[in-house]
Amino acid sequence: MVDIRLTNTRTRKKEAFTPIDAHDVRMYLCGPTVYDRAHLGNARPVLVFDVLLRLLNHVYGADHVTYVRNFTDVDDKINAEAQRRKAAGSDLSLEDLIVERTDETIAWYHADMDALGAARPHHEPRATEYIAQMIAMIETLIANGNAYAADGHVLFDVRSFPEYGRLSGRSVDDMIAGARVEVAPFKRDPMDFVLWKPSDADLPGWDSPWGRGRPGWHIECSAMSEALLGQSFDIHGGGIDLQFPHHENEVAQSCCAHPKAEFARVWLHNEMLQVEGKKMSKSLGNFFTVRDLLDGGNPGEVIRFVMLSTHYRKPMDWTQAKADEARDIMWEWRKLTRDVQPAAQPDPRVVEAIANDLNTPGAIAVLHGLRDDPALLLASARFLGLLQQGDGDWMNADLQVLDSLAEYRGIDDVLAQIEARFDDIRAEAMQSKDFSRVDYLKSALTDAGLEVRMSKARVELILRPGTNQHRVVGIADELAS
RNA sequence: GGCGGGUUGGCGGAGAGGUUACGCACCGGAUUGCAAAUCCGUGAAGACCGGUUCGAUUCCGGUACCCGCCUCCA
């Protein structure tokens with residue numbers, strides 16, 4: 001059995017991982033608010049958890065792991081977009097417009113995460129499907145003396161939970177001293193947070209004991225994780241920015257609703273993403289979505305490679321230079337493993353690296369050492385979700401012939417034709433010692449993007465990413481005439 | 001103001017209290033008509049100041065700088 005060690009935010013330590021039930025390992029990842037395309041930062045926790053899922057599947061068996069990731073489809077940004085569409089003259093109701101917006105966003109999200117090679121979770125609950133469970137949990141919290149209704153709202157009373165602040169290492173008093181919290185008049189304590197809030201007629205709402213309203217942001221994850229994973233489960237995670245307030249508040253809600261349960265045993269948080277050394281932001285002009293990168297010619301598995309080449313607990317800097325280097329490496333590995341059957345098991349050192357707090361850079365370093373064993377390289381790379389079947393289309397696209405004539409002949413035939421002719425010309429040059437024609441031909445082929453290898457025995461032409469196949473065909477035709 | 005993360009060789013990026021990370025780049029050699037590719041090989045690090053230790057880049061304390069959170073945020 002592989003020993004898994006994970007850094008638990010709750011204890012600030014790297015600990016041996018022991019599931020509550022080895023036959024039913026359960027984890028929950030905070031998913032996206034579905035108001036717009038996923039940006040690059042959204043992809044990081046998804047990929048971290050995807051690697052974790054593969055590890056757990058490997059160790060405990062795929063039938064014994066349950067992975068839940070929610071969609072937050074109750075949110076003011078979604079409401080704003082729906083209201084904008086309504087104002088723009090849509091005939092649909094506000095509710096339908098919200099469904100329309102969230103449905104299309106979820107479809108985008110699926111397409112983008114699929115492109116990165118991330119497996120779909122077993123459950124992808126939408127907040128709107130669990131309103132009843134949220135209301136029930138809020139009622140329990142009120143009954144337990146941890147929440148109170150005031151002015152149409154229901155608030156969580158942070159002073160009723162002595163552990164409040166433990167996950168994020170903050171104290172209520174310190175935070176209040178920071179004086180950055182909005183103090184609504186109906187709050188008993190400035191740090192109290194909303195469990196339920198009233199909705200006007202032009203906002204989506206559900207009937208509740210406190211009137212028509214909608215849930216606060218945090219309660220959904222408490223309610224959905226309980227519904228799908230139980231009151232205690234193994235791993236809960238997300239970006240480090242969620243540590244406070246989102247996860248702190250989840251802990252407060254779930255632990256107070258179920259004082260005898262553990263809620264999440266292990267908390268996993270990934271560090272933030274930067275772009276070219278700076279925070280990704282629209283104002284800096286370095287904000288982009290996963291789709292922007294994919295459409296910009298970065299294959300999904302190349303993006304994945306870049307993401308995995310930095311450990312999840314360190315800030316990750318996205319640069320185009322890294323993406324270019326990753327693309328070259330993936331291209332090499334794809335070539336090495338073409339038509340190769342994967343080994344039955346990944347290299348144990350790769351599994352070991354991942355088991356050691358998801359050390360993806362360490363695992364990639366092992367991969368580099370497997371060039372002489374393509375079958376093992378393939379199996380090990382797939383363990384990380386790289387070199388997966390079907391994901392290599394980007395390379396095939398590069399290898400495919402764009403020119404109709406070349407398509408008819410096949411690029412391999414075209415190259416073979418040039419190679420044969422090149423051999424003759426070179427043989428003549430060897431005799432005459434006049435290499436000018438050889439050099440001219442070589443530079444023409446190199447300029448077209450091919451790699452030209454001249455061994456003693458023969459000339460070999462190798463396709464590279466971005467080879468201009470029109471020019472290659474042109475050269476072939478020129479030589480033939 | 002409070003809390004947290006980071007700082008490793010030209011660049012990227014890990015582990016480990018003492019022995020080569022690894023990748024890319026560079027340099028040297030083999031090879032080549034010249035190259036490319038390939039193979040072999042060399043060099044290069046741990047922000048700064050203290051402390052613990054036989055020994056620290058790795059542990060502890062402090063300083064500097066960078067980043068993030070405390071408000072919607074992965």
Side-chain angles (χ1 to χ4, degrees), chain A residues 9 12 29-33 35-36 38-49 69 72 75-78 80 165 167-182 191 193 217 237-248 268-274 277-281 290 305-317 319 321-326 328-329 332 352-353 356-357 359-371 426 429-436 438-439 442-443 445-446 450-456 459-462 464:
Chain A
T9 309
R12 326 262 142 151
L29 174 65
C30 286
T33 301
Y35 66 97
D36 203 353
H39 64 250
L40 189 57
N42 293 104
R44 179 120 104 135
V46 172
L47 292 175
V48 169
F49 267 65
R69 183 180 63 208
T72 298
D75 179 85
D76 287 345
K77 281 185 288 247
I78 300 170
L167 177 68
S168 54
R170 301 153 196 249
S171 78
V172 174
D173 292 326
D174 285 348
M175 284 187 282
I176 292 168
R180 287 259 206 117
V181 284
E182 175 200 359
M191 291 309 297
F193 58 90
W217 172 35
I240 188 68
D241 56 337
L242 291 185
Q243 185 185 30
F244 189 90
H246 185 56
H247 289 159
E248 191 71 60
L268 228 53
H269 289 109
N270 61 275
E271 255 294 341
M272 296 290 97
L273 177 113
Q274 296 179 290
K278 295 195 171 108
K279 180 180 178 172
M280 183 166 80
S281 72
V290 173
F305 184 101
V306 173
M307 286 283 193
L308 298 188
S309 61
T310 297
H311 187 90
Y312 77 94
R313 283 194 300 108
K314 288 203 172 178
M316 136 110 226
D317 191 17
T319 65
K322 278 187 189 175
D324 293 343
E325 189 179 319
D328 285 347
I329 292 166
E332 284 301 317
E352 198 181 319
N356 181 16
D357 201 24
N359 185 359
T360 49
I364 288 172
V366 175
L367 255 38
H368 283 302
L370 296 178
R371 302 186 46 130
R426 183 152 167 263
M430 292 287 211
Q431 294 294 320
S432 66
K433 300 293 175 198
D434 176 8
F435 289 93
S436 58
V438 172
D439 289 338
K442 189 175 79 178
S443 61
L445 292 167
T446 305
L450 285 169
E451 184 179 313
V452 181
R453 297 186 191 172
M454 280 188 251
S455 65
K456 212 149 204 156
V459 173
E460 200 179 353
L461 300 177
I462 313 283
R464 298 287 308 165

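So you know, we letter chains A, B, ... as the sequences are listed, proteins then strands, and number each from 1. This one's a predicted model, so the numbers in the text were calculated from it and none came from an experiment. Every heavy atom of this structure was used, including side-chain atoms; hydrogens, water molecules and symmetry mates were not.
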C1' spacing across the pair B:C34 / B:U42, given as an integer number of angstrom: 26 Å
Donor on one side chain, acceptor on other, A:Tyr35 and A:Asp76, under 3.5 Å: no
Interatomic distance where NE2 belongs to A:His247 and C1' belongs to B:C3 [whole Å]: 17 Å
Non-hydrogen side-chain atoms of A:Lys77 and A:Asp36 separated by less than 4.5 Å: no
Interatomic distance at C1', B:A16 relative to B:G46, whole Å: 14 Å
Candidates B:A35, B:A21, B:C69 - which lies nearest the side chain of A:Arg170: B:C69
Interatomic distance, A:Asp75 CG vs B:U71 C1' [rounded to whole Å]: 14 Å
Whole-Å distance separating the CD atom of A:Glu271 from the P atom of B:U7: 11 Å
List, with names and distances, any nitrogen or oxygen atoms from the protein found under 3.5 Å away from nitrogen or oxygen atoms belonging to nucleotides 36-44 of chain B.
residue: B:A37; atom: O2'; partner: A:Arg453; partner atom: NE; Å: 3.3
residue: B:A37; atom: O2'; partner: A:Arg453; partner atom: NH1; Å: 3.4
residue: B:A37; atom: O2'; partner: A:Arg453; partner atom: NH2; Å: 3.2

C1' gap between B:G6 and B:G41, integer Å: 35 Å
Options B:G33, B:A74, B:C22, nucleotide nearest the side-chain atoms of A:Met272: B:A74
C1' atoms of B:C26 and B:G43, separation to the nearest Å: 10 Å
A:Asn42 side chain, from C-beta outward: closest of B:G5, B:G33, B:A74: B:A74
Integer-rounded Å distance: B:G12 P and A:Leu308 CG: 19 Å
Out of B:A21, B:A74, B:G33, whichever nucleotide has its closest atom nearest the side chain of A:Ala365: B:A21
Nearest listed nucleotide, side chain of A:Glu325, among B:G4, B:C24, B:C22: B:C24
Sugar-phosphate only, base, or nothing, as touched by A:Phe435 at under 4.0 Å among non-hydrogen atoms: base
Sugar-phosphate, base or nothing in reach of A:Thr446, heavy atoms under 4.0 Å: nothing
Nearest-Å distance once atom P is located in both B:C49 and B:A35: 46 Å
A:Glu271 side chain near A:Arg44 side chain, heavy-atom distance below 4.5 Å: yes
Minimum-distance pair of heavy atoms, taken over all atoms of A:Arg69 and A:Gly31: CG-CA, 3.7 Å
Residue pair A:Asn270 / A:Met272: nearest heavy atoms and the distance that separates them: O-CE, 4.0 Å
Touch class at under 4.0 angstrom, heavy-atom based, for A:Gly41 against every strand present: base
Touch class at under 4.0 angstrom, heavy-atom based, for A:Asp439 against every strand present: base
A:Gln274 CD to B:A74 P, straight-line distance once rounded to whole Å: 17 Å
Side-chain heavy atoms of A:Val306 within contact of A:Met316, under 4.5 Å: yes
A:Asp317 side chain reached by A:Lys322 side chain, heavy atoms, under 4.5 Å: yes
Working for side chain to side chain contact (heavy atoms under 4.5 Å, CB included), residues A:Met307 and A:Leu40: CA-CA 10 Å; A:Met307 286 283 193; A:Leu40 189 57; 3.5 Å; yes
Heavy-atom pair of closest approach, residues A:Thr446 and A:Val452: OG1-CG2, 3.8 Å
Whole-angstrom distance between B:G2 and B:A21, as gauged at atom C1': 39 Å
Working for side chain to side chain contact (heavy atoms under 4.5 Å, CB included), residues A:Ile364 and A:Leu308: CA-CA 8 Å; A:Ile364 288 172; A:Leu308 298 188; 4.1 Å; yes
Spacing between A:Asp357 atom CG and B:G5 atom P, to the nearest angstrom: 14 Å
Dot-bracket line, read 5' to 3' along RNA chain B, where crossing pairs take [ ] and | marks a partner on another strand, Watson-Crick or G-U under 3.5 Å: (((((((..(((.....[...)))..((((.......)))).....(((((..]....))))))))))))....
Sugar-phosphate, base or nothing in reach of A:Val366, heavy atoms under 4.0 Å: nothing
Nearest-Å distance once atom P is located in both B:C27 and B:A14: 27 Å
No-H, no-angle donor-acceptor pair, A:His269 side chain to B:A74 base, under 3.5 Å: no
5'-most by nearest nucleotide on RNA chain B - A:Leu242 or A:Ile364: A:Ile364
Distance, rounded to the nearest Å, where A:Asn270 contributes CG and B:A74 contributes C1': 6 Å
B:G51 to B:U58 separation - C1' atoms, rounded to the nearest Å: 15 Å
Non-neighbouring partners of A:Phe49 that pass ring-ring contact (aromatic ring centres under 6.0 Å, His included), sequence neighbours left out: none
Presence of A:Thr33 side-chain N/O under 4.0 Å of B:A74 phosphate oxygens OP1/OP2: yes
Atom-pair distance (NE2 on A:His368; P on B:C24), nearest Å: 7 Å
Sugar-phosphate only, base, or nothing, as touched by A:Ile329 at under 4.0 Å among non-hydrogen atoms: sugar-phosphate
Sugar-phosphate only, base, or nothing, as touched by A:Lys433 at under 4.0 Å among non-hydrogen atoms: nothing
Protein-nucleic acid N or O pairs under 3.5 Å, nucleotides 13-19 of chain B:
residue: B:G13; atom: OP1; partner: A:Thr310; partner atom: OG1; Å: 3.4
residue: B:G13; atom: OP1; partner: A:Lys322; partner atom: NZ; Å: 2.9
residue: B:A14; atom: OP1; partner: A:His311; partner atom: N; Å: 2.7
residue: B:A14; atom: O2'; partner: A:Asn359; partner atom: ND2; Å: 3.2

Ring geometry between A:His247 and A:His269 (parallel below 30°, tilted from 30 to 60°, perpendicular above 60°): tilted
Contacts of type side-chain hydrogen bond (donor to acceptor under 3.5 Å, both in side chains), residue A:Arg426, not counting sequence neighbours: none
Set of residues satisfying ring-ring contact (aromatic ring centres under 6.0 Å, His included) with respect to A:Phe244, sequence neighbours excluded: none
